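Okay, structure first, notes after.
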Amino acid sequence: MYQALFVDTWPWWVGGILIGLLVPGFYYFQNTALGVSTGYGNLVKIISRSKLPWLQGEKFADAWGWRVFFIGGMVLGAFVAGRLKGGTFLTREMSLFTEVLNWPFLGSALYFFSGGLFLGLGARLAGGCTSGHSIHGLANLHKSSIIVTVVFLIFGAIAAAFLRTFLLGGGAP
Amino acid sequence: MSRKLFFLASGFYFGFVLSRVGASNYQVIFRMFTAEDLHLAWVILSAIIVANLGMRYLKMKGNLGRGGKPIEIKEKKLGRLSIIGAAIFGIGWGMAGACPGTVLAQIGEGKILALFTFSGMLFGTYLYGYLLARWPKIN
């Protein structure tokens with residue numbers, strides 16, 4: 001029982017049902033669309049005390065708004081999941097990436113920072129991320145979200161194919 | 001329950017589920033994009049279907065939230081550079097093996113490299129605001 005709940009990876013449909021319920025749940029209880037990436041704007045405002053006009057708008061009027069709590073909750077939830085699963089807490093591993101590549105830590109750090117930079121800039125230009133566009137938007141059959149999600153997936157696949165060919169080796173290790 | 005407590009609790013739930021279903025594992029995301037392992041694709045697809053059914057149910061009940069307040073659903077509008085932004089995001093997703101939600105789960109699990117993905121995201125978000133201040137047309 002413990003093994004199935006807290007150690008083994010859940011079957012896809014369990015995760016799908018539990019994540020999917022967030023969308024109607026957010027609307028029913030808070031009249032809000034599910035979304036994570038906008039909250040990074042709140043974090044930037046809090047950390048940098050930036051005077052950027054974009055962060056002075058209505059959306060970020062309350063820098064410590066609900067999105068910050070949602071983000072904090074996500075870190076905590078995964079922390080508990082990780083501790084229940086067991087294993088060491090702080091780790092430099094990143095599954096396949098660090099198993100195959102013997103890069104110095106700084107190289108990997110720079111690599112993931114660049115990936116994050118693309119994610120942050122891209123999400124703002126696209127108007128949302130996986131949760132806001134691909135789950136919330138697609139569930140509501142929004143045309144803009146369908147277009148954006150198709151582009152996400154195409155370029156994600158291109159990036160992965162590129163990595164597979166030039167960095168991580170041809171076959172599955 | 002106060003609004004912020006609701007979101008703290010639902011964030012906890014979301015982060016816990018993402019971690020348990022393997023969405024915070026670099027190679028699960030990588031192999032979704034190389035089509036070697038579609039576990040995560042099924043997670044996302046079933047989440048969309050469940051969310052869609054839930055929204056249909058709310059609509060059937062008159063689109064009223066708790067306390068009888070009407071629910072407003074707004075479609076996200078595309079900006080001039082949204083498609084390019086989506087392409088940039090896709091590359092980042094494939095590279096980092098994380099998205100803005102799952103990187104938070106990776107941090108919670110104690111993956112040090114995820115802190116760099118996260119910092120990059122903060123910087124990218126700042127960069128958007130910086131570019132927008134100079135070229136308002138990018139929106």
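What you are looking at is a predicted structure, and each value in this text was computed from that prediction instead of being measured.
- Residue contact with chain A, scored on non-hydrogen atoms closer than 4.5 Å, involves the backbone of B/Lys74 exclusively.
- Contact annotation for A/Val14: neither backbone nor side-chain heavy atoms come within less than 4.5 Å of a heavy atom of chain B.
- With a 4.5 Å cut-off on non-hydrogen atoms, A/Lys85 touches chain B through its side chain but not through its backbone.
- At a 4.5 Å heavy-atom cutoff, B/Val28 makes no contact with chain A through either its backbone or its side chain.
- When A/Thr91, A/Ile71, A/Val7 are compared by the number of non-hydrogen pairs under 4.5 Å with chain B, A/Thr91 comes out ahead.
- With a 4.5 angstrom heavy-atom cutoff, A/Ser37 touches chain B via backbone and side-chain atoms both.
- Interface residue A/Ala123: backbone and side-chain heavy atoms are both found under 4.5 Å from chain B.
- Side-chain atoms of B/Gln106 and B/Val103, non-hydrogen and from C-beta on, do get closer than 4.5 Å to each other.
- Both the backbone and the side chain of B/Ser10 come within contact range of chain A, judged by heavy atoms closer than 4.5 Å.
- Highest contact tally toward chain A, considering only B/Gly110, B/Gly79, B/Cys99, B/Ala114, is held by B/Gly110 [criterion: heavy-atom pairs under 4.5 Å].
- The most heavy-atom pairs under 4.5 Å with chain A, out of B/Gly54, B/Pro70, B/Gly22, B/Gly129, come from B/Gly129.
- To the nearest 0.5 angstrom, B/Leu104 atom CG is 12.0 Å from B/Ser19 atom OG.
- Interface remark: B/Leu132 contributes side-chain atoms only to the contact with chain A (heavy atom separation under 4.5 Å).
- Residues B/Leu122 and B/Phe118 meet the side-chain proximity criterion, which asks for heavy atoms closer than 4.5 Å.
- Residue with the most contacts toward chain A among B/Ala133, B/Ala47, B/Gly101, B/Ser119: B/Ala47 (heavy-atom pairs, distance under 4.5 Å).
- The backbone N or O of A/Leu96 sits less than 3.5 Å from a side-chain atom of B/Gln27, completing a donor-acceptor pair.
- Residue-environment remark: CZ (A/Arg83) exceeds the threshold of 12 foreign heavy atoms within 6.0 Å.
- Heavy atoms of B/Pro136 lying under 4.5 Å from chain A are absent altogether.
- Taking CG of B/Leu64 as the start and NZ of B/Lys69 as the end, the distance is 11.5 Å to the nearest 0.5 Å.
- With a 4.5 angstrom heavy-atom cutoff, A/Leu52 touches chain B only via side-chain atoms.
- If you measure heavy-atom distances from A/Leu167 to chain B, you find no contacts under 4.5 Å at all.
- A/Thr38 places a side-chain heavy atom less than 4.5 Å from the side chain of A/Phe60.
- The greatest number of non-hydrogen atom pairs below 4.5 Å with chain A, out of B/Gly65, B/Gly85, B/Pro100, B/Ser46, is found for B/Pro100.
- No part of B/Leu115 comes within reach of chain A, as not one of its non-hydrogen atoms sits under 4.5 angstrom from that chain.
- Considering only heavy-atom pairs separated by less than 4.5 Å from chain A, the leading option among B/Thr117, B/Thr102, B/Leu131, B/Val21 is B/Thr117.
- Comparing A/Arg67, A/Glu93, A/His136 by heavy-atom pairs within less than 4.5 Å of chain B, the highest count is held by A/Glu93.
- Other residues, nucleotides and ligands contribute more than 12 heavy atoms inside 6.0 Å of the CG atom of A/Leu5.
- Annotation: the span from B/Arg20 atom CZ to A/Trp10 atom CH2 amounts to 6.5 Å, rounded to 0.5 Å.
- Looking at B/Tyr57, neither its backbone nor its side chain comes within 4.5 Å of chain A, counting heavy atoms on both sides.
- Counting only heavy atoms from C-beta outward, the side chains of A/Ile47 and B/Tyr126 never approach each other to under 4.5 Å.
- Interface residue A/Leu153: backbone and side-chain heavy atoms are both found under 4.5 Å from chain B.
- Across A/Ile19, A/Leu84, A/Val148, A/Leu55, the residue that shares the most heavy-atom pairs under 4.5 angstrom with chain B is A/Ile19.
- Taking A/Thr149, A/Leu119, A/Leu141 one by one and counting their heavy-atom pairs under 4.5 Å with chain B, the maximum is reached by A/Leu119.
- Both tests do not hold together for B/Arg3 against B/Phe7: distance to the six-membered ring centre under 6.0 Å, angle to the ring axis within 45°.
- Ranking B/Leu8, B/Ile84, B/Ile138 against chain A, the residue ahead of the rest is B/Leu8, based on heavy-atom pairs under 4.5 Å.
- Only the side chain of A/Asp62 comes within contact range of chain B, with at least one heavy atom under 4.5 Å from a heavy atom of that chain.
- Atom CG of residue B/Asn63 and atom CD of residue B/Glu72 lie 10.5 Å apart, to the nearest 0.5 angstrom.
- For A/Phe6, the parts sitting under 4.5 Å from any heavy atom of chain B are the backbone and the side chain alike.
- For A/Leu22, the part lying near chain B is the side chain, with the backbone staying farther off; criterion is any non-hydrogen pair under 4.5 Å.
- For A/Leu110, no part lies near chain B; criterion is any non-hydrogen pair under 4.5 Å.
- Atom CG of B/Leu113 is separated from atom OG of A/Ser108 by 5.5 Å, given to the nearest 0.5 angstrom.
- Using a 4.5 Å cut-off between heavy atoms, A/Leu138 contacts chain B through both its backbone and its side chain.
- For the options A/Ala160, A/Ala159, A/Gly82, A/Gly15, heavy-atom pairs under 4.5 Å to chain B are most numerous at A/Ala160.
- For a residue to count as touching a neighbouring chain, one of its non-hydrogen atoms must lie under 4.5 Å from one of that chain's; by this rule B/Ile73 touches chain A with backbone and side chain alike.
- Both the backbone and the side chain of A/Ala81 come within contact range of chain B, with heavy atoms under 4.5 Å apart.
- Only the side chain of A/Thr32 has a heavy atom closer than 4.5 Å to any heavy atom of chain B.
- Surrounding CH2 of A/Trp64 are at most 12 heavy atoms belonging to other residues, nucleotides or ligands under 6.0 Å away.
- For A/Trp66 and B/Phe6, the ring centers are positioned 6.0 Å apart or more.
- Rounding to the nearest 0.5 angstrom, the gap separating the OG atom in A/Ser131 from the CZ atom in A/Phe26 is 9.0 Å.
- Looking at B/Leu18, the atoms closer than 4.5 Å to chain A (heavy atoms on both sides) all sit in the side chain, from C-beta outward.
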